[in-house]
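These figures come from a predicted structure and were not determined experimentally.
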Amino acid sequence: MASAKLDWGKYADEQEKLSAKVSNLNIEKQPTENTPTSEDSKSDNGTDEHIPPAEQSLLQKIIRIGLVETTKDPEILRKDPASPLYSVKSFEALHLKPALLKGVYAMGFNAPSKIQETALPTLLADPPQNMIAQSQSGTGKTAAFVLAMLSRVDTTKNYPQVLCLSPTYELAIQTGEVAAKMSAFCNEIKIKYAVRGEEISRGSKITEHIIIGTPGKVLDWAIKFKFFDLSKISVFVLDEADVMIATQGHQDQCIRIHKQLERTCQMMFFSATYESEVMKFAEIIVNNPLIIRLLKEEESLDNIKQYYVKCKGLDEKYTAITNIYGVITIGQAIIFCHTRKTANWLAENMTKDGHAVAVLSGELTVEQRISVLDRFRAGLEKVLITTNVLARGIDVEQVTIVVNFDLPMDQNRQADCETYLHRIGRTGRFGKSGIAINLVDSPHAMEICRDIEKHFGKKIHYLDAEDADEIEKIGA
């Protein structure tokens, strides 16, 4: 790209809106004396940027357009090793209702993912079998259990038969959206949300077939107000089980709901992690389950070209970024800052210079984070400036460059190699090559850069950000 400004000129309208949005997000306009310095990074280690597990999970779901590519085969544990286990390579092999199959294909699913090809035949089998499935976000878990939920509905019975619990309002809505899309051609299947803001008149009875909601609301509706009968539920799905455990009160609420279910009710338990706390919880909820685990793909630096740029301070860091953007062709970029103050300062300056940028930090509400991520994923902003809220689990296929405006440090100001891997692992995905650029502004930052290089055994090459020819070579 000859000039980043020129290329983004067509987004003039979007930049107008962005300026308004930047104001709305309370980006503080710092006076000159409050411009962030390296000392800010030293005093603020970013610990306030840790966000609740439910929000982290939600952001992962929102940002992903396609499935995470997995090379590993699922690990399967069952009590009876002699019992047959089937897997399928096509959705047709599941013998779904034609209208449901049409919905699956309309969503862009061509063939089952690794977790789906193993889980779905068991989830759809008769007699129904219980399951615990664990795999990272983006591997197709939600589509698997939603397909099973829709398949189990008997539309001749006008009462709730399927109950799906999520830890938060936003995650319940996400699941409901998948269910609505998948059942787009099954007009007779009715879905009801049991979440905040949904109210029912006293004495009413729910006639929808599927309830998707949060534990507290479901408990009130079923036990306190008797809007539906838990003993008639034939499929019980617990989604985001690891998040549920981390959310105060949800464990007890889930167990109280579970106690009202018939023993014949099919239990489906889905989680991104497989820690002992998750399994203790699962053993209370799920009787004699088939357990499927899909281990997470190991992040690698193999496809990523790593560079460092020497800078004397904040202004030189900024100049380095603008020089790089002016020379190499970039799809989209993520810039990691150590503090909110630095992120906001950088966003203001880049916006003033005509760059279409989005800011994501811990001070935003869930709704604001969703809005920022949606716009970035849609390509309305080419640059996402963020603190560590985005260090893990976010995949955007178009991201070709990651910049560490500040190198990641732990509480002791030592190199945080794990965060570095998660950060620059945002690029070089899907077999493509990516670029990671580290801005080094002090002897201490140089030391951290060297420690990271030694830890991974991968060379971090020097880049002169003032040499246009050198910059051009890295983007080739």
Side-chain angles (χ1 to χ4, degrees), residues 61 67 86-88 90-113 115-133 135 138-166 171-195 198 206-214 218 228-230 232-241 257 261-262 264-270 286 290 292:
K61 286 183 184 226
L67 291 171
Y86 305 100
S87 69
V88 292
S90 73
F91 286 110
E92 282 95 341
L94 294 167
H95 306 296
L96 301 167
K97 294 168 191 163
L100 201 44
L101 187 62
K102 192 176 174 185
V104 169
Y105 285 137
M107 290 180 75
F109 295 115
N110 298 317
S113 67
I115 197 87
Q116 289 165 358
E117 65 185 39
T118 308
L120 280 167
T122 298
L123 292 176
L124 299 174
D126 280 315
Q129 294 183 52
N130 294 338
M131 178 179 290
I132 297 171
S135 68
T139 49
K141 292 196 302 289
T142 304
F145 70 72
V146 166
L147 189 52
M149 283 161 50
L150 295 168
S151 298
R152 293 289 187 196
V153 168
D154 180 348
T155 53
T156 65
K157 296 172 179 173
N158 293 322
Y159 57 80
Q161 301 150 45
V162 177
L163 175 59
C164 175
L165 292 185
S166 291
L171 286 165
I173 299 298
Q174 280 282 308
T175 300
E177 285 173 358
V178 173
K181 284 178 191 167
M182 203 174 272
S183 62
F185 303 99
C186 308
N187 297 327
E188 67 283 7
I189 297 179
K190 305 297 179 195
I191 299 167
K192 181 79 177 168
Y193 287 112
V195 294
E198 291 289 320
I206 296 172
T207 56
E208 286 85 353
H209 308 106
I210 296 173
I211 294 179
I212 299 170
T214 50
V218 167
F228 71 100
D229 187 350
L230 282 168
K232 289 185 175 177
I233 295 290
S234 54
V235 176
F236 178 62
V237 178
L238 198 59
D239 186 26
E240 306 282 347
I257 291 165
L261 302 172
E262 293 292 312
T264 52
C265 178
Q266 183 181 17
M267 307 284 171
M268 304 178 194
F269 189 103
F270 289 81
V286 191
L290 177 80
I292 298 176

Donor-acceptor contact below 3.5 Å, side chain [X] vs main chain [Y]:
X      : Y      : answer
Gln129 : Pro127 : no
Gln116 : Gly140 : yes
Glu262 : Ser234 : no
Asn130 : Met267 : yes

Does the side chain of [Y] come within less than 4.5 Å of [X]'s, by heavy atoms?
X      : Y      : value
Glu208 : Phe228 : no
Val178 : Gln174 : no
Arg152 : Gln161 : no
Thr207 : Lys190 : no
Glu92  : Tyr105 : yes
His209 : Glu188 : no
Pro160 : Lys192 : no
Leu150 : Ile210 : yes

Working to the nearest 0.5 angstrom, can you tell me the gap between [X] [atom1] and [Y] [atom2]?
X      : Y      : atom1 : atom2 : value
Leu123 : Leu147 : CG    : CG    : 9.0 Å
Phe145 : Ile115 : CZ    : CD1   : 12.0 Å
Thr142 : Met182 : OG1   : CE    : 9.0 Å
Met268 : Ile132 : CE    : CD1   : 13.0 Å
Leu100 : Lys102 : CG    : NZ    : 12.5 Å
Lys232 : Tyr159 : NZ    : OH    : 5.5 Å

- Query: Are there more than 12 heavy atoms of other residues, nucleotides or ligands under 6.0 Å from atom NZ of Lys97?
  - Reply: yes
Provide the closest heavy-atom pair for [X] versus [Y] in the form atom of the first, atom of the second, distance.
X      : Y      : result
Ile233 : Cys265 : O-SG, 3.5 Å
Ala106 : Phe185 : CB-CE1, 3.8 Å
Pro121 : Leu94  : N-CD2, 3.9 Å
Tyr193 : Ile173 : OH-O, 3.7 Å
Val235 : Val237 : CG1-CG2, 4.0 Å
Ala194 : Ile211 : CB-CG2, 3.8 Å

- Between Phe270 and Lys141, is there a cation-pi geometry (under 6.0 Å to ring centre, at most 45° from the normal)? no
